[in-house]
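Notes to accompany the following structure.
All of these numbers come straight from a predicted model, not from anything done at the bench. Counting convention: from 1, in listed order, for ligands and their atoms alike.
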Amino acid sequence: MALLLKNAHVIDPQIGLNEVADIVIRDGKIVEVGQNLSIEKGIERDLREKIVVPGLVDMHVHLREPGFEQKEDIASGTRAAAKGGFTGVCAMPNTLPVIDNAVGVEYVKARAAQAGKARVYVSGACSQGLKGETLSEMGDMVAHGAVAFTDDGRGIQGAGMMRRVMDYASQFGKVVMVHCQDDDLVGEGQVNEGVVSTRLGMLGWPAEGEELEIARDIALCRLTGCPLHIQHITTARGLDMVREAKAEGLPVTCEVTPHHLFLSEDDITDEYNTCLKVNPPLRTQKDAEALIAGVIDGSVDAIVTDHAPHTDFEKDREFELAPFGMIGLETSLSLMITNLVAQGKITWEQLVELMSVNPRAILGVEKITLEPGSTADLTVIDPREVWTVTREGMVSKSGNSGFLGAELTGRATDVYVGGYATLEDGMIVE
Ligand SMILES: [Zn+2]
């Protein structure tokens with residue numbers, strides 16, 4: 001079947017494309033990009049005033065299935081992804097059971113094929129049961145399609161264990177993605193250690209608890225040569241370490257979440273909003289500014305949500321008892337447009353690099369370009385739509401967003417995965 005997208009503003013920095021053009025899609029592939037195109041039969045859509053980019057990928061998402069389907073499942077999580085403009089997500093392995101063998105990888109792939117509204121790239125655990133003690137069945141998982149390894153949710157405590165993980169992963173050419181957290185130092189920390197922990201009388205999660213593992217893992221990257229990706233980086237010093245590693249030529253990349261860019265510890269008031277309890281915690285305003293500077297200068301490779309759904313009853317508890325995490329799939333793109341693109345701080349091209357090109361490159365999954373021959377994974381954006389974030393508006397099963405009530409500008413209106421619409425005019429295609 002043919003699909004013709006007319007009059008769209010097409011942007012793809014990989015091929016220097018930034019113009020108004022038509023796109024013809026046939027059998028899931030882009031077959032032509034140019035002016036005044038037509039098709040004999042098929043579907044025609046007028047995308048005047050809209051922007052079309054290579055489909056967005058969120059490389060850090062918790063879909064919660066198997067094991068925690070009360071929070072989210074693969075069907076609802078990928079619907080939230082489509083609603084947010086994503087054509088693909090990388091699922092974290094901290095489910096129940098943990099995805100630490102080929103059977104788990106196959107389960108997630110099968111559920112995604114059956115119920116998914118976005119491509120699901122599966123990451124496998126580094127260690128069995130995320131315990132940080134014994135290597136997972138890495139080779140078997142790679143053979144069954146795992147794209148990367150991570151013990152996300154936990155830091156791997158032993159340097160020797162981390163070295164073995166990286167030695168093994170590098171044999172398969174896979175990236176190791178690290179949640180940097182020194183447990184002995186962080187302990188029961190609830191919020192950033194400093195002003196906010198003092199003001200609220202809660203145990204602190206110091207920046208050093210993250211930075212020590214970043215430093216260690218960069219050293220182990222140097223030792224093993226294994227590609228290293230620092231997950232949800234939150235501190236100015238941590239980012240400087242990544243900059244130095246890159247300058248040295250090490251295969252180190254990093255990601256930042258919108259909540260660490262656009263919120264800070266100052267947002268946690270005596271209302272104790274548990275949606276603002278995240279791991280790693282919201283840091284200082286200075287850190288957030290440093291991270292934004294890193295996004296602008298290219299030191300930050302990818303924007304991810306760390307979409308972490310939790311039920312209302314879990315979050316409706318005392319701050320210390322509530323679980324860490326907030327959802328993000330449905331607000332990420334709009335937050336980036338509102339706070340950075342619309343303010344002239346980054347270009348649309350940079351946004352595409354951060355949310356589409358780089359995540360794919362880091363995961364080593366299929367490259368998508370707006371040219372003939374490419375798979376038609378596309379995101380269509382209305383850069384002017386103004387909307388308000390509400391619980392009722394969420395497609396996710398959970399509503400634990402730190403941005404409820406925010407008025408945002410710009411939103412995905414249509415998403416195509418392999419040429420098929422998963423989102424059309426802002427509605428999920430069933
Ligand atoms: Zn994490």
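Between R164 and D167, no side-chain nitrogen of the basic residue sits less than 4.0 Å from a carboxylate oxygen of the acidic one, so the salt-bridge criterion is not met. Salt-bridge annotation for K277 and E320: absent, with no side-chain N of the basic residue lying under 4.0 Å from a carboxylate O of the acidic one.
Using modelled atom types and a 3.5 Å distance limit, the side chains of T311 and E314 yield a donor-acceptor pair.
A side-chain contact (heavy atoms from CB on, under 4.5 Å) with V53 holds for exactly one of I11, L333, V380; it is I11.
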Side chains of residues 419-430: which donor-acceptor partners sit under 3.5 Å, not counting sequence neighbours?
unit_1 : atom_1 : unit_2 : atom_2 : d
T422   : OG1    : V415   : O      : 3.4
D425   : OD1    : R45    : NH2    : 3.2
E430   : OE1    : R79    : NH1    : 3.0
E430   : OE2    : R79    : NH1    : 3.0
E430   : OE2    : R79    : NH2    : 3.1

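Here 3 is the count of protein N, O or S atoms positioned under 2.8 Å from the Zn ion (ligand 1), waters not counted.
Using the six-membered ring where Trp is involved, H232 and H179 have ring planes that are perpendicular, over 60° apart on the 30 and 60° scheme.
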